[in-house]
*Asks:* 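The structure that follows is given in the form of structure tokens.
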2 protein chains.
Amino acid sequence: MQMNLSTRQLRAFLHLVEERSFTRAATLSHLSQPAFSALIRSLEDELGVRLFDRTTRSVELTAEGRAFEAAARRVLREAEDAWTDVRQLAARQRGRVALAVLPALAAGWLPQVLARFHAQWPGIQLDVADVLSEDCIERVRSGRADLALAATRVDTPELRTELFCTDDFHLVCRRDHPLATQPQLRLADIAAHPMIQLSRSSSVRQYVEAAIHPLQLNTMMELDQLSTVAGMVRAGLGISVVPALTLFHFEHPQLATRPLPLRGLKRQIFLVRRRDRSLSVAAQAMYEQLMALRPRQTAPNRRRGA
Amino acid sequence: MQMNLSTRQLRAFLHLVEERSFTRAATLSHLSQPAFSALIRSLEDELGVRLFDRTTRSVELTAEGRAFEAAARRVLREAEDAWTDVRQLAARQRGRVALAVLPALAAGWLPQVLARFHAQWPGIQLDVADVLSEDCIERVRSGRADLALAATRVDTPELRTELFCTDDFHLVCRRDHPLATQPQLRLADIAAHPMIQLSRSSSVRQYVEAAIHPLQLNTMMELDQLSTVAGMVRAGLGISVVPALTLFHFEHPQLATRPLPLRGLKRQIFLVRRRDRSLSVAAQAMYEQLMALRPRQTAPNRRRGA
DNA sequence: CGATCTTACGGGATTCGTAAACATA
DNA sequence: TATGTTTACGAATCCCGTAAGATCG
């Protein structure tokens with residue numbers, strides 16, 4: 001014989017256990033008394049045993065009913081837990097989103113986005129990995145991250161990539177540097193000055209070198225961290241060229257930043273997710289938030305992504 | 001919103017998780033594929049979230065579906081356990097019966113009854129207290145015993161008593177004693193001989209004294225245990241008068257037993273149970289077994305209880 | 001006799017299966 | 001195009017509520 005129990009039956013049973021009256025228990029179950037009676041009877045029929053001894057004056061559990069009571073409470077509790085858990089996930093009252101975001105975005109732009117997200121969905125746990133592009137993508141591939149914002153496009157059978165935003169490059173120099181006030185900026189002017197660069201493995205460095213080709217940069221120093229670059233520039237050791245999204249490193253009274261005149265010198269930021277599985281409700285909400293608040297172009301000709 | 005989950009839904013869900021195909025899972029659930037589809041949809045609607053990403057080529061759990069899976073398994077398992085437990089109680093495959101039975105019945109008559117009961121319902125645990133009447137009744141009153149077989153009638157608001165059987169008294173003496181072969185037994189003859197008695201607190205003793213009144217018994221010894229009485233009689237120290245149900249103590253080549261000529265000298269054995277609660281399925285089966293196999297009168301004029 | 005559970009029964013909602021439409025690899 | 005899911009829809013079933021009946025204190 002095939003079991004079929006419903007939480008309605010269990011709740012009705014427990015109501016009757018507590019009320020010891022069909023009439024009152026029926027009210028609690030939002031049923032007419034005869035309908036409630038039938039519900040209890042159906043449960044008893046399925047179990048093959050009377051659960052209550054009832055007369056017109058008393059309703060009492062049988063021995064088998066007492067044996068069932070504890071189990072019924074347990075099952076109902078588990079079922080309610082399962083139900084509310086999923087309902088909370090669905091209502092974004094609970095959940096978890098794992099992001100993998102380039103450090104530049106993670107430090108400058110992301111905090112305000114997450115602040116708004118958290119204000120709206122305070123129950124959703126956030127897990128941010130501020131790592132380089134390759135690691136970002138690897139995290140999505142392995143499932144450790146739901147979404148990644150990375151600088152490299154990947155289109156594999158398992159990963160889906162879409163353009164998230166573009167990021168144009170800016171000159172950074174001391175406020176008293178000639179280039180800070182020079183009316184017209186030309187590439188050749190920039191190439192002439194000593195430059196504080198990121199290390200050759202950085203994607204920023206590669207963008208810059210490709211854009212300036214065939215000119216050669218006058219690299220006087222290579223560093224790993226942009227904050228160090230800022231310190232060096234502030235000390236007057238050279239100038240630098242960095243993407244707009246990292247300019248927050250250079251907000252300092254001694255420093256000036258200027259858009260570069262190169263139209264083609266833009267890097268692209270991609271949003272990466274898995275192709276095979278859909279986003280969780282929480283991750284979907286995050287996706288929408290990210291897209292809604294995506295960084296605007298700081299260059300003169302602003303551009304919106306698709 | 002009111003939760004309503006059924007085990008059918010959970011089973012359908014888990015079938016689909018395992019089969020990853022609506023068609024196959026529908027077969028497992030004994031439903032047409034569209035009906036199965038509607039069942040999954042109803043579950044998703046109640047939970048407020050998609051549990052599966054499905055295309056015509058693939059069916060995969062969503063993140064929320066994965067979260068629900070573990071809970072669903074747990075709930076279904078608990079529900080099935082609860083269900084089978086009660087079904088087993090109902091089918092007498094499991095359970096427990098606690099009896100409180102007079103030692104005389106417990107030693108002589110009860111074993112064969114319990115042997116048959118156990119052969120028929122091997123899963124039912126038996127708990128026998130072979131104690132005196134007062135203790136028997138107290139055990140039923142306190143709920144430690146489901147049924148009692150005792151020698152005293154009680155009719156309180158909480159206990160129900162019914163006549164179980166009657167037990168007439170027999171003379172016990174040595175085979176070479178004059179009374180063993182005397183054609184006609186008279187009370188006066190018995191009263192004349194030295195008698196081995198149970199102690200004054202025994203119900204048997206009280207029955208005998210009441211029946212023989214106003215004659216006085218020639219008591220030469222008082223004991224507590226019938227097996228000791230048997231030894232004394234066997235040694236030729238005297239005769240005794242005991243209920244038929246205790247005669248198994250006196251089955252010995254040297255001993256003779258004879259029905260007494262006293263019609264009124266019968267003790268009654270009562271079956272006692274609680275008035276307010278019904279018997280468990282197992283206890284009910286035991287009750288029927290006890291009644292079906294109740295001891296027959298050994299006296300010439302046999303009598304059946306109501 | 002009164003309070004309470006059960007049975008009877010008509011109406012309505014739910015659920016089923018068949019068949020057609022739709023979608024994806 | 002073939003496989004597999006969803007939609008459409010008529011039919012059967014289930015479930016509910018009202019009203020009458022039965023039962024116990």
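By convention in this document, chain letters (A, B, ...) are assigned in the order of the sequence lines, proteins followed by strands, and residues within each chain are numbered from 1.
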*Asks:* Check whether the side chains of A/Ser42 and A/Gln9 place a donor and an acceptor atom closer than 3.5 Å, and report yes or no.
*Replies:*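 Distance-only check passes for A/Ser42 and A/Gln9.
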*Asks:* Report the distance from atom CZ of A/Arg275 to atom P of C/dA25, rounded to the nearest whole Å.
*Replies:*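 After rounding, the reported distance stands at 11 Å.
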*Asks:* Quick one: do A/Arg87 and A/Asp85 make a salt bridge, cutoff under 4.0 Å?
*Replies:* no
*Asks:* Restricting to side chain to side chain contact (heavy atoms under 4.5 Å, CB included), what partner residues turn up for A/Arg50, sequence neighbours left out?
*Replies:* A/Arg41, A/Glu44, A/Arg54, A/Thr62
*Asks:* Please check if any side-chain donor atom of A/Arg144 sits under 3.5 Å from a side-chain acceptor atom of A/Ser142, or the reverse.
*Replies:*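 Yes - a donor-acceptor pair under 3.5 Å links their side chains.
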*Asks:* Could you list, one pair per line, each protein nitrogen or oxygen that sits under 3.5 Å from a nitrogen or oxygen of nucleotides 19-21 of chain D, together with the distance?
*Replies:*
none

*Asks:* Please report how far the helix from C/dC1-D/dG25 to C/dA25-D/dT1 bends, comparing the axis fitted to its first five pairs with the axis fitted to its last five, to the nearest 10 degrees.
*Replies:* 40°
*Asks:* Are OP1 or OP2 of D/dT7 and a side-chain N or O of B/Arg41 less than 4.0 angstrom apart?
*Replies:*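 For D/dT7, OP1/OP2 do have a side-chain N/O of B/Arg41 under 4.0 Å.
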*Asks:* Counting just side-chain N and O atoms, does A/Arg54 come under 4.0 Å of either OP1 or OP2 of C/dT6?
*Replies:* yes
*Asks:* How long is the line joining CZ of B/Arg20 and P of D/dG4, in whole Å?
*Replies:* 16 Å
*Asks:* Could you state the CZ-P distance from A/Phe36 to C/dT6, rounded to the nearest angstrom?
*Replies:*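 To the nearest whole Å, that distance equals 10 Å.
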*Asks:* Which of residues 55-66 of chain A have a heavy atom under 4.0 Å from DNA chain D?
*Replies:*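 Those residues whose heavy atoms fall under 4.0 Å from DNA chain D, taken from residues 55-66 of chain A in numerical order, are A/Thr55, A/Thr56, A/Arg57.
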*Asks:* Give me the distances for all protein-to-nucleotides 9-15 of chain C N/O pairs that come in under 3.5 Å?
*Replies:*
none

*Asks:* Please tell me whether A/Gln125 and A/Arg96 have a donor and an acceptor in their side chains that are separated by less than 3.5 angstrom.
*Replies:* no
*Asks:* C/dC5 C1' sits how many Å from A/Arg50 CZ, rounded?
*Replies:*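 In whole Å, C/dC5 C1' lies 10 Å from A/Arg50 CZ.
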*Asks:* Does the pair A/Arg275/A/Glu158 count as a salt bridge with the N-to-O cut at 4.0 Å?
*Replies:* no
*Asks:* Give the residues of residues 21-30 of chain A touching DNA chain C, defined as any heavy atom closer than 4.0 Å, sorted by residue number.
*Replies:*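 When residues 21-30 of chain A is checked for heavy atoms under 4.0 Å from DNA chain C, the hits, listed by number, are A/Ser21, A/Phe22, A/Thr23.
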*Asks:* Under 4.0 Å: is that the gap between some side-chain N or O of B/Ser32 and OP1 or OP2 of C/dC16?
*Replies:* no
*Asks:* Using every non-hydrogen atom in the two residues, find where B/Ala82 and A/Phe68 come nearest and quote the distance to one decimal.
*Replies:*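 Nearest pair, atom of B/Ala82 first, then A/Phe68: CB-CE1, 4.1 Å.
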